[in-house]
Student: 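Would you mind keeping the following structure in view while I ask a few things?
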Amino acid sequence: MADFDVIVVGAGPAGSVASYLLAKEGHTVLTVERGKRPGAKNMFGGRLYSWSLEKVFPEFWKEAPVEREVTKEVLGFLHGDRGLEIRLSARPRGRSFTLLRAKFDQWLAEKAEDAGAEVISGFKVEGPLIRDGRVVGIVAEGDEEMEAEVVIAADGALSFMAEKAGLRPRLSKEDFAVGAKEVIELPKETIEDRFGLSGDEGAAQLYVGDLTEGVVGGGFIYTNKESVSVGVVMRIGSLASKVSKISTAMWEITEKFKSHPLIRRYLEGGKLAEYSAHIIPETQFMRGVRLYTDGMVVVGDAAGFCVNYGVTVRGMDFAIESARAAAEAVHQALESGDTSAKSLSRYQEILSSGMLREFEAARKAVDLMEDERLYTSIPKIAVESLEHLFSVDGRPRESLYSFVRKEFSEEGISLLSALLLGWKALRSM
Amino acid sequence: MDIAVLVKQSLDVQELRVDQDTGKIYIEDAPTKAGDIELNATEEAVRLKEKLGDKAIAVMLSTWGASGKRQKEAREALTRVLAMGLDGAVLIMGEGAEKGDTYVIARALAEEIRGKFELVLAAEGSEDNFSGLLPARLAAELGWPYVAYATAIEVEGDHVKVTRSLEDFEEVVRVKLPAVISVTQEINKPRVPKLVEIVKAKKKPLDQKDFSPPDEPKLAIKTLKVPKVERKQIVIEGDVEEVAEKLVQALREEGVL
Ligand SMILES: Cc1cc2nc3c(=O)[nH]c(=O)nc-3n(C[C@H](O)[C@H](O)[C@H](O)COP(=O)(O)OP(=O)(O)OC[C@H]3O[C@@H](n4cnc5c(N)ncnc54)[C@H](O)[C@@H]3O)c2cc1C
């Protein structure tokens, strides 16, 4: 008999949700996390769309350590030291919350523990334990073997579990993007003043422009209760060809973003509390991933359920939803006593009739956001056109229309392709 | 002969955050853990126990109050030492324990240990405070002999032979049990528990008791601040030779050279 019904590798959102649901069904669950504590090593930009977690914990925000509910959306264009911000103040359908991973991941892991899962931190899993072509457990640090009826790989973007089980090819530099982020502490009142918030309201602000020097990507600011998360996301593929050391480049671009006059005023007087960087799997690469094999399923980032929109990344909600689907399939497989690939294929079926449709749509949107001009020419034209519109110096002024036309032709964009680009951008949002 | 290992719930000093401007230390935000030298004491207890066939028990008196977070951390710290091979653990924690000084803690620990154990192993100093006072104080309370800075321990009947490493020489002493001994990091190399041992450790007996200090502490911490290190912030510019010369000159002026 196996040591556990289920071994879950990784206690990020995907791993903890799967652990929670399966422990709640009465299965014996071991969750192994490499970090000192769940969440200790994890980072993300800052916003969780709540739809999927709500299915597991209705109204979770009343209990979970979320920071603020996003009610203000800002889209910004930066060019040189000038900038343009478009501010939407609304409560869109579907709530979303800013949060900090160290606290949030720990909360989720505690939920799993309370449901009966054994969560063990500070232990690295080396890979799946494979016998006769079937995953029968894990190999932990120090070559220790531990058996399970089913293994759930929730080990994040780099997933050696999936790779070693032959479910996905090896990642190369071009297959991922990187994100860097700083948490800057500011008094609650200062944040509410500067971002125009009250109570638990929060802001999500995204910026594109010349700060990334033509690389697909941009900057973000998310407000927390008493801090803001500020950072940048960039394609490594395009970055690798331009710079020698990615980590230094990330740091420099973060600094540049933070010191832009438009951004600086949000952060002034703040105290740096932490700096972190992380990789983001690119969707193209992830198209080749298989989700299950005999005795194992892959969930969350490990399965590539993460969408990089260029400036923002969305993956927490997909990680949670995929874990929920996997838990359902694994539960059924355990009940039937058949944990073969065939039985676990139920996981993909559940996803196909639900999340995968939303995920594919999000992926399509990303393809449209690939156009580098969205990150270079468009911000420039937007900023300069408005600058032109508001410039009064007593001299006769060129009409806005002809100014914009000139701008487009300077950038080598025909009016037709400008329209197309605008259409694409609109459709992808 | 049962062995008690004193395990302090120490601050994880690597995760302490400090406000550079005010010197304020964010103690409440920092996690706690079993100190590193406590792992050496645990390892030694497990080795002695393997030879003697008696029980070795972790005893933790937490001075962090009784919040859920600190309780969880205390249990995790104990799981860590239990996984190394101890047989059980006693966790004493409660509201009002934060004020406990060495005097109060030693008296409470003596209460727990008297009559149940014959050998107490402790770290030469804790990871966060490193005052190294507690084992001596405890021995005094118990009226037992105390041997500090052990680098080797051997049991010889109802005696123990302890090698102590001192600055210029090594001393070997023999004491009659019961006794309190503090160990150094050189005494052994603590084993790293396996996953399966951690899983099993969670099922070992952990006896949690409430601690309400019966005595008034004699010592109270008034403020805790990081010493401010003023930097001179001198920037030397020029070509290599000039810079080298000015640097040497500056170092001379400061009396460094
Ligand atoms: C810069 C950046 C910004 C982002 N912004 C957002 C955002 O605003 N909103 C959003 O929804 N998503 C965002 N994401 C994506 C989001 O972070 C991920 O999609 C999400 O964390 C995936 O969850 P997961 O549980 O699958 O993986 P992870 O959160 O990566 O968790 C994996 C866990 O497995 C552990 N682990 C890994 N290997 C091992 C091993 N060998 N043994 C044991 N444990 C192991 C890790 O320590 C980790 O705890 C962002 C990502 C980045 C990088």
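Given the structure is predicted, the values throughout are model-derived calculations rather than measurements. A, B, ... follow the sequence lines: proteins, then strands. Residue 1 opens every chain.
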Student: Is Lys202(B) close to chain A through its backbone or its side chain, or both, or neither, when contacts mean heavy atoms under 4.5 Å?
Tutor: side chain
Student: NZ of Lys24(A): more than 12 outside heavy atoms within 6.0 angstrom?
Tutor: no
Student: Taking only Lys NZ, Arg NE, NH1 and NH2, and the carboxylate oxygens of Asp or Glu, determine whether Arg37(A) and Glu15(B) approach each other closer than 4.0 Å.
Tutor: yes
Student: Which atoms form the tightest heavy-atom contact between Lys36(A) and Asp12(B), and what is the distance?
Tutor: NZ-OD2, 2.7 Å
Student: Does atom CG of Asp210(B) have more than 12 heavy-atom neighbours, drawn from other residues, nucleotides or ligands, at distances under 6.0 Å?
Tutor: yes
Student: Tell me whether the count of non-hydrogen atoms from other residues, nucleotides or ligands lying under 6.0 Å of OH in Tyr149(B) goes above 12.
Tutor: no
Student: Run the salt-bridge test on Glu113(A) and Lys72(B) with the 4.0 Å N-O cut-off and return the result as yes or no.
Tutor: yes
Student: Over all heavy atoms of both residues, which pair between Phe123(A) and Leu195(B) is shortest? Give the atoms and the distance, please.
Tutor: CZ-N, 3.3 Å
Student: Between Glu144(A) and Val196(B), is there a donor-acceptor pair closer than 3.5 Å when you use the side chain of the first and the backbone of the second?
Tutor: yes
Student: Looking at Trp107(A), I want to see if its CH2 is surrounded by more than 12 non-hydrogen atoms of other residues, nucleotides or ligands under 6.0 Å.
Tutor: yes
Student: Tell me, side chain or backbone of Glu185(A) under 4.5 Å from chain B's heavy atoms, or both, or neither?
Tutor: side chain
Student: Around Lys225(A), counting heavy atoms of other residues, nucleotides and ligands shown, do more than 12 lie under 6.0 Å from its NZ?
Tutor: yes
Student: CG of Asp200(A): more than 12 outside heavy atoms within 6.0 angstrom?
Tutor: no
Student: Are the charged groups of Lys203(B) and Glu118(A) less than 4.0 angstrom apart, N to O?
Tutor: yes
Student: Which answer fits Glu141(A), side chain, backbone, both or neither, if we ask what part of it has an atom under 4.5 Å from a heavy atom of chain B?
Tutor: neither
Student: Need one label for Leu272(A): side chain, backbone, both or neither, based on atoms under 4.5 Å from any heavy atom in chain B.
Tutor: neither
Student: Between Val119(A) and chain B, which part of the residue has a heavy atom less than 4.5 Å away: side chain, backbone, both or neither?
Tutor: backbone
Student: Would you say NZ of Lys124(A) has more than 12 non-hydrogen atoms from neighbouring residues, nucleotides or ligands within 6.0 angstrom?
Tutor: no
Student: Quick check on Lys209(B): does its NZ atom have over 12 non-hydrogen neighbours (other residues, nucleotides or ligands) under 6.0 Å away?
Tutor: yes
